[in-house]
Peer 1: 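Take this structure, written in structure tokens, and hold onto it; I'll ask about it next.
What you are looking at is a predicted structure, and each value in this text was computed from that prediction instead of being measured. No hydrogens, no waters, no symmetry mates; every other heavy atom, side chains included, goes into these values.
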Amino acid sequence: MSQPTPDTANAAQAVAPVLEARAVSKHFTVRRTGAGRRRGRLHAVDGVSISLYPGQITALVGESGSGKSTLARLLAHLLAPSSGELLLNGQPVRLRGPGARRRYVKNVQLVLQDPFSSFNPVHTVGYTLARATRIHHSGLSAAQVERRSVDLLAEVALAPGEQFLKKFPHELSGGQRQRAAIARPLAADPKVLLADEPVSMLDVSIRLGVLNLLKHLTTTRHLALLYITHDIASARYFAHNALVMYAGEIIERGSSEDVTQRAAHPYTQLLIASAPDPADPRHGSGVPDTGSPPTLIDPPPGCRFAARCPFAMPKCQTSPPEIELAAGHSTRCWLYDNSAESDRKRKEVRLPYHPPVR
């Protein structure tokens, strides 16, 4: 798999985004057990902004429970945001009535993590693809629907398509099921594809093939692809840009090269240290235990990584702003605010990443 070049990423950035989220939040009301049975609010996603461009792959990286899947469901409009707004082709999304919702989901489709549970086990692959085609392309004849289904299967390297149309989900291998799961949203001819951990349920030996397929589709269909993963190493080689999410917030963003090779936020550094390196068997095996993420039920103010951060300072008890380090690369960390305290801390710990632009 070839690494995306900076020129490719810059070309994608030169056009308008297909889908944007501006300061989107999602809070769930939860009932606490115990005396008084008080209610709280779970801050699953807090003030997240993201832009997806045609022909560009954006990686959303973070550990389990960081809010990645919730954000994907907000972008797919399976969940309504508590605040903030979504824009499709520059226009605010207002889904009033079934017609508006159908037009939106035709443009924004989701690839789920588990291909087996996302299929109805009593229906064939052909039935599933035909149903998706009829929903978004009414007026086609039965022969046209079947021809389109065969073409979709060929596009995801499942051939001969006529044979796979007759198969049930349990008759496919894991890789074949995931390819069929990718073919289904393509039936709508979407402009945005949200891939939520698309290879985490697959054997290591076939993950690369599925990632290469998604990359090929991004190019040939000029899709805007959001690649959600906990594997920051794959983001460098697969995505143009990368966003790191922690405890419901985006804490670092930039090109995949900058985020993985010149990581600024201590949490990003922790993710990179945790990733296995084939060239160094010791890499990823000796990461210190820095504790657990904070509760997202009425979280305390300030940096949400502060309790785990080895570089924490008193001012980390207040929420850090987004600080630009270089063109297109920013982080939410007080280590880079150019104050005297931050300068002393950076010199004290000899941080392995570049200082902020002054």
Peer 1: Between Ser330 and Glu324, is any side-chain donor less than 3.5 angstrom from a side-chain acceptor?
Peer 2: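 Side chains of Ser330 and Glu324: no pair found under 3.5 Å.
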Peer 1: Out of the candidates Phe311, Trp334, Tyr246, only one should pair with Phe305 under the ring-ring contact (aromatic ring centres under 6.0 Å, His included) rule; please name it.
Peer 2: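 By the ring-ring contact (aromatic ring centres under 6.0 Å, His included) criterion, Phe305 pairs with just one of Phe311, Trp334, Tyr246: Tyr246.
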Peer 1: Do the side chains of Asp151 and Arg147 get close enough for a salt bridge, i.e. N-O under 4.0 angstrom?
Peer 2: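 Yes, Asp151 and Arg147 are salt-bridged.
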Peer 1: Are Leu88 and Leu79 joined in one hydrophobic group, where the rule is that I, L, V, M, F, W and Y side chains link up if heavy atoms are under 4.5 Å apart?
Peer 2: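 Yes, Leu88 connects to Leu79 through the hydrophobic network.
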Peer 1: Using every non-hydrogen atom in the two residues, find where Ala180 and Leu172 come nearest and quote the distance to one decimal.
Peer 2: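 Minimum heavy-atom separation between Ala180 and Leu172: CB-CD1, 4.4 Å.
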Peer 1: Decide whether Tyr104 and Arg94 meet the rule of one side-chain donor and one side-chain acceptor closer than 3.5 Å.
Peer 2: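 Looking only at side-chain atoms, Arg94 and Tyr104 do not form any donor-acceptor pair under 3.5 Å.
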Peer 1: If we ignore angles and hydrogens, is there a donor and acceptor under 3.5 Å between the side chains of Arg22 and Ser49?
Peer 2: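 Judged by distance alone, the side chains do not pair up.
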Peer 1: Please determine whether the number of non-hydrogen atoms from other residues, nucleotides or ligands lying under 6.0 Å from atom CD of Glu146 exceeds 12.
Peer 2: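 Counting neighbours around CD of Glu146, 12 or fewer heavy atoms of other residues, nucleotides or ligands fall under 6.0 Å, so no.
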Peer 1: Just by distance, with hydrogens left out, do Glu252 and His329 show a side-chain donor and acceptor under 3.5 Å apart?
Peer 2: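 Yes.
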Peer 1: To check you understand the geometry: which heavy-atom pair defines the closest contact between His43 and Asp298, and what is its length?
Peer 2: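 What the structure gives for the nearest pair is CD2-N, 4.0 Å.
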Peer 1: Are Glu155 and Arg184 close enough for a salt bridge, meaning some N to O gap below 4.0 Å?
Peer 2: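 Salt bridge flag = no for Arg184 with Glu155.
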Peer 1: For Asp46, is there an ion pair with Lys26 - N to carboxylate O distance below 4.0 angstrom?
Peer 2: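 Looking at Lys26 and Asp46, the cut-off is not met.
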Peer 1: Do you reckon Leu152 sits in the same ILVMFWY cluster as Leu213, going by side-chain contacts under 4.5 Å, direct or chained?
Peer 2: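 Yes, Leu152 and Leu213 fall within the same hydrophobic cluster.
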Peer 1: Please answer: with hydrophobic residues joined when any side-chain heavy atoms are less than 4.5 Å apart, are Phe168 and Phe116 in the same cluster?
Peer 2: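 No.
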Peer 1: Between Arg148 and Asp189, does at least one N-O distance fall below 4.0 Å, as a salt bridge requires?
Peer 2: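 Yes.
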Peer 1: Do Lys166 and Glu171 sit within salt-bridge range, that is, some charged N less than 4.0 Å from a carboxylate O?
Peer 2: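 Answer for the salt bridge query: no.
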Peer 1: Pairing donors with acceptors under 3.5 angstrom, does anything connect the side chains of Thr58 and Asn241?
Peer 2: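 Absent: no donor and acceptor within the cut-off.
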Peer 1: Under 3.5 Å, is there a donor-acceptor pair between the Arg253 and Thr331 side chains?
Peer 2: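 No - no donor-acceptor pair under 3.5 Å links their side chains.
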Peer 1: How far apart are the C-alpha atoms of Thr128 and Thr124, what are their side-chain angles, what is the distance that settles it, and do they pass the side chain to side chain contact (heavy atoms under 4.5 Å, CB included) test?
Peer 2: CA-CA 6 Å; Thr128 300; Thr124 63; over 6 Å; no
Peer 1: Under 4.5 Å between side-chain heavy atoms, counting indirect links through other Ile/Leu/Val/Met/Phe/Trp/Tyr residues: same cluster for Val145 and Val150 or not?
Peer 2: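 No, because Val145 and Val150 fall into different hydrophobic clusters, even though each may have its own neighbours under 4.5 Å.
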